[in-house]
Undergrad: 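Below is one structure. I have some questions about it.
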Amino acid sequence: MDQILQILAGTTVVFQPLALLYLSIGFFIGIIFGALPGLTSMLAIVLLLPMTYTMPMTYALIMCMGVYMSGIYSGSITAITINIPGAPSALMTCMEGYPMMRKGLGAKAIGHATIGSAIGGSIGALLLIFVSPMAVSLALKIRTPGKFSLILFALVVIVIVEKKRMKAILTMAFGIMLATVGMDPLKSVSRFTFGIPNLIEGIDLTTLIIGAFAISELFDQAMVNNAEYKKITSAANSVKFKRREFFPTFKEMKEVGWKTYIKSSFIGYIIGVLPGAGASMAAFVSYVEAKRVSKHPERFGSGAIDGLVASETANNAMCGGAMVPMLSLGIPGDGTTAIILGVLMVYGVVPGPDLLVKQMHVMAPMYMALLISAAVLMPLSLFLFGPYYLKIVRINRLVLYSSIALIAILGVFAATYSAFQMGLALAIGVVMYFFKRQGYPNVPFILAVILGPLAEQYMRTTMTISSGNPLIFITHFDSLFFLLLTVAFAILLPRANRRAEALEKKSEEKVKQV
Amino acid sequence: MNGEEHSMKTLKPYLQAKVTIPFFMQVALIIYVISALQLAPPMVDGLLSESSFPFLIFLIASPAAIKLFLDGLKAIKKEIAETGSVVVVKKKKSIKPALIVLIMAVFILLFEILGFTILAPLYVFFFMLIYDDKPQDIVRKIIYALLIGVVVYVMYVIGFDIRFPELWR
């Protein structure tokens with residue numbers, strides 16, 4: 001109860017002028033990065049990471065929350081208007097949004113997506129506020145052997161939820177290899193430095209993140225033909241919506257039904273809690289469920305509002321869910337929360353079950369910032385800026401990417417003051433670019449970078465405590481619980497995945513047809 | 001010479017990313033584990049040493065790398081068997097990523113010598129030039145490069161109090 005009160009007290013911090021300014025900046029950066037195909041809210045937070053060094057941690061986290069929530073939402077804008085999801089999580093939105101657009105109901109589709117995102121985001125944030133303090137009391141019971149088993153569980157689940165599991169293992173191994181360069185966490189020995197003095201301090205987290213996510217993306221985007229891009233986005237440029245067209249009628253809202261909003265929110269939230277699952281999966285599962293229970297499943301694929309609402313509500317509700325394991329257990333729920341955890345680590349915060357207990361005063365405003373970001377989606381998008389969102393794709397691509405290129409590479413220097421680390425970021429970017437071209441997932445990389453060194457530390461400490469007896473992982477109840485959970489997920493998740501993958505393949509084909 | 005040419009001819013189709021990436025990852029894993037084992041064996045006096053975790057990673061990731069490598073080989077062999085000759089899947093190829101790597105590398109090498117003010121606008125200009133479909137709107141690109149340089153300078157140096165190297169400093 002105390003912690004819930006502390007969280008609510010965080011509201012006063014969020015409403016301070018400077019905090020509101022950072023939240024607004026984050027919100028609009030998220031809208032821009034989410035709406036532009038190729039850019040994501042995760043990349044926005046990656047670029048903000050080095051700038052947070054000189055900011056108070058609370059403000060940095062508040063800004064991240066704004067980016068996170070609005071970035072997931074705004075992926076729906078280009079998904080609806082030009083059938084290209086601005087963010088991967090908006091793929092299901094294309095299925096229903098674009099057919100609506102072709103029927104001349106584009107503004108209404110954006111209106112429904114906005115309301116769904118606002119409701120889903122708000123419910124997700126409220127659940128986070130009330131659930132994570134409860135999770136903390138349980139998390140505090142986790143001792144060192146349990147901490148290792150918990151990380152093992154997270155790493156196993158991250159691999160299992162990926163479609164290409166072998167590739168996920170390799171990306172994860174690459175992340176751990178890089179994260180273990182430098183001083184050993186328990187002994188005064190340097191590892192994997194190969195006689196290079198600059199490597200003794202290890203590879204900075206900012207270097208790893210910017211290299212893997214920003215620089216590799218720049219190489220990938222270099223392949224895009226500007227003329228083609230302009231041609232595709234010109235369709236969105238020519239669209240003009242009036243404000244009143246955004247508002248859905250009460251009848252339409254009633255047809256969607258409050259059950260769809262609530263159920264999709266819970267689906268999104270629960271999927272968010274799963275490590276590595278992310279917004280795309282949340283949107284997909286919720287969409288499939290909406291189709292299953294719909295009175296008119298035949299309308300799906302040709303502009304079903306309930307399908308659009310289900311996917312948009314779930315992907316924003318996921319934000320709250322993904323924060324639960326991050327805050328209560330130190331395990332990020334998706335790539336973006338992993339980067340947010342990286343922001344915390346920049347400030348010297350060690351991720352783990354006692355994170356909230358030690359840092360609640362700093363974290364509290366973050367909860368409220370997430371809730372406010374979700375709640376303001378509706379008034380800001382429907383009453384004020386909605387028509388202008390369509391103009392985001394007009395931003396000059398060359399200016400945008402060259403700015404990102406400069407900000408990214410200077411970001412590494414700002415964080416490390418080392419040209420050597422800039423070079424490392426470039427090298428990591430090149431490797432991750434090749435990985436990406438071959439369909440290697442990048443989320444396991446970042447989670448491995450953050451969780452790998454902790455897993456090593458807990459494993460070796462536990463074995464030292466038990467004088468080398470590995471049975472300690474079974475004799476401690478918390479550890480045994482997570483090990484059994486790992487086994488259960490390893491058996492059950494692949495089955496669920498196979499069904500989901502088959503359905504997803506069908507849906508993707510349908511999007512292409514549309 | 002003929003033998004060498006022949007082996008090159010037979011190897012070439014296999015030099016595709018689906019084979020080379022797992023191959024190089026396996027090489028990296030071997031170097032990683034050897035480097036770790038040179039420090040200490042995984043267990044010392046019944047306790048885990050500094051090489052234990054890297055050793056564990058090697059044990060987990062190696063089978064994945066080998067499987068991907070063999071899958072890649074199998075896929076190429078199948079392709080050869082089906083088409084009768086080697087048809088390298090034509091992916092969109094461009095020299096642009098390589099040029100971006102080059103200008104980034106030059107920027108990093110010269111950054112501490114020439115400093116932000118001289119290098120940043122040049123970097124942005126060349127970046128835009130490569131990113132564009134063809135060399136066009138040069139004057140506009142120069143103006144954009146200068147503007148971006150100023151905005152990023154204001155953001156980092158004035159906004160976040162970060163000191164970049166300069167030629168005169």
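Throughout, a chain's letter reflects where its sequence line sits, starting with A, and its residues are numbered from 1.
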Undergrad: Please classify the contact between A:S467 and chain B as side chain, backbone, both or neither, with a heavy-atom cut-off of under 4.5 Å.
TA: backbone
Undergrad: What residue, out of B:I100, B:I57, B:V101, B:L56, has the most heavy-atom pairs lying under 4.5 Å from chain A?
TA: B:V101
Undergrad: If I take atom CG from residue A:L447 and atom CD1 from residue A:I176, how far apart are they, to the nearest 0.5 angstrom?
TA: 10.5 Å
Undergrad: Using 30° and 60° as the class limits, which term best fits the ring planes of B:F127 and B:Y131: parallel, tilted or perpendicular?
TA: parallel
Undergrad: Contact part of B:M128 toward chain A, heavy-atom cut-off under 4.5 Å: side chain, backbone, both or neither?
TA: both
Undergrad: Which region of B:Y32, side chain (C-beta onward) or backbone (N, CA, C, O), has a non-hydrogen atom less than 4.5 Å from a non-hydrogen atom of chain A, or is it both or neither?
TA: both
Undergrad: How long is the straight-line distance from CD1 of A:I151 back to OG1 of A:T486, given to the nearest 0.5 Å?
TA: 11.5 Å
Undergrad: Can you say whether the rings of B:F164 and B:Y156 are parallel (under 30°), tilted (30 to 60°) or perpendicular (over 60°)?
TA: perpendicular
Undergrad: How long is the gap from CZ on B:F125 to CG on B:L146, to the nearest 0.5 Å?
TA: 10.0 Å
Undergrad: Counting heavy atoms not belonging to A:Y347, are there more than 12 under 6.0 Å from its OH?
TA: yes
Undergrad: Is it the backbone or the side chain of A:V399 that comes under 4.5 Å from a heavy atom of chain B, or both, or neither?
TA: both
Undergrad: So which of B:S49, B:A40, B:A28 has the biggest tally of heavy-atom pairs under 4.5 Å with chain A?
TA: B:S49
Undergrad: In terms of heavy-atom pairs under 4.5 Å with chain B, which of A:L186, A:T180, A:V412, A:L218 leads?
TA: A:L218
Undergrad: Under 4.5 Å between any side-chain heavy atoms of A:L199 and A:I203, yes or no?
TA: yes
Undergrad: Between chain A and each of B:A145, B:A61, B:S35, B:S51, count heavy-atom pairs under 4.5 Å; write down the option with the most.
TA: B:S35
Undergrad: Relative to chain B, which segment of A:F434 carries a heavy atom at a distance below 4.5 Å: side chain, backbone, both, or neither?
TA: both
Undergrad: A quick test of your reading: do over 12 heavy atoms of other residues, nucleotides or ligands sit less than 6.0 Å from NZ of B:K74?
TA: no
Undergrad: How long is the gap from CG on B:L122 to CG on B:L114, to the nearest 0.5 Å?
TA: 8.5 Å
Undergrad: Find the distance between CD (A:Q421) and OG1 (A:T207) and round it off to the nearest 0.5 Å.
TA: 3.5 Å
Undergrad: With a 4.5 angstrom heavy-atom cut-off, which part of A:L406 approaches chain B: side chain, backbone, both or neither?
TA: both
Undergrad: Tell me, for A:M172 versus chain B, whether the close heavy atoms (under 4.5 Å) come from the side chain, the backbone, both or neither.
TA: neither
Undergrad: Does any backbone or side-chain atom of A:Y433 lie under 4.5 Å from a heavy atom of chain B? Answer side chain, backbone, both or neither.
TA: side chain
Undergrad: For the candidates A:F194, A:F420, A:F219, A:F174, which exhibits the highest count of non-hydrogen atom pairs separated by less than 4.5 Å from chain B?
TA: A:F219
Undergrad: Measuring heavy-atom distances to chain A, does B:E112 have an atom under 4.5 Å in its side chain, in its backbone, in both, or in neither?
TA: side chain
Undergrad: Between A:V181, A:I407, A:V430, which residue shows the highest count of heavy-atom pairs closer than 4.5 Å to chain B?
TA: A:I407
Undergrad: As an exercise, state the distance from OH of A:Y417 to CZ of B:R163, rounded to the nearest 0.5 Å.
TA: 8.0 Å
Undergrad: If we define contacts as heavy-atom pairs under 4.5 Å, which of A:G439, A:A425, A:A414 has the most with chain B?
TA: A:A414
Undergrad: Do you know which of A:L426, A:T464, A:L410, A:I169 has the most heavy-atom pairs with chain B at a distance under 4.5 angstrom?
TA: A:L410
Undergrad: For chain B, which of A:I409, A:D184, A:I215, A:N469 has the most heavy-atom pairs under 4.5 Å?
TA: A:I409
Undergrad: Under 4.5 Å from any heavy atom of chain B, what part of A:S216 do you find: side chain, backbone, both or neither?
TA: neither
Undergrad: Please classify the contact of A:N396 with chain B as side chain, backbone, both or neither, using a heavy-atom distance under 4.5 Å.
TA: side chain
Undergrad: Quick one: what part of B:F24 sits under 4.5 Å from any heavy atom of chain A, side chain, backbone, both or neither?
TA: neither
Undergrad: Below 4.5 Å from any heavy atom of chain B, which atoms of A:Y440 appear? Answer side chain, backbone, both or neither.
TA: side chain
Undergrad: May I ask you to check whether over 12 heavy atoms, not counting those of A:L471, lie within 6.0 Å of atom CG?
TA: yes
Undergrad: For the interface with chain A, which of B:V151, B:V152, B:D132, B:I60 has the highest count of heavy-atom pairs at distances below 4.5 Å?
TA: B:D132
Undergrad: Using non-hydrogen atoms and a 4.5 Å limit, figure out which bit of B:Y144 sits close to chain A: side chain, backbone, both or neither.
TA: side chain
Undergrad: Closest approach of B:P165 and B:F111, non-hydrogen atoms and distance?
TA: CD-CE2, 3.5 Å
Undergrad: Near B:F126 CZ, under 6.0 Å, is it more than 12 heavy atoms from other residues, nucleotides or ligands?
TA: no
Undergrad: Classify the ring geometry between B:F55 and B:F58 as parallel (under 30°), tilted (30 to 60°) or perpendicular (over 60°).
TA: parallel
Undergrad: Most heavy-atom pairs under 4.5 angstrom with chain A, which of B:L48, B:I162, B:D133, B:L39?
TA: B:D133
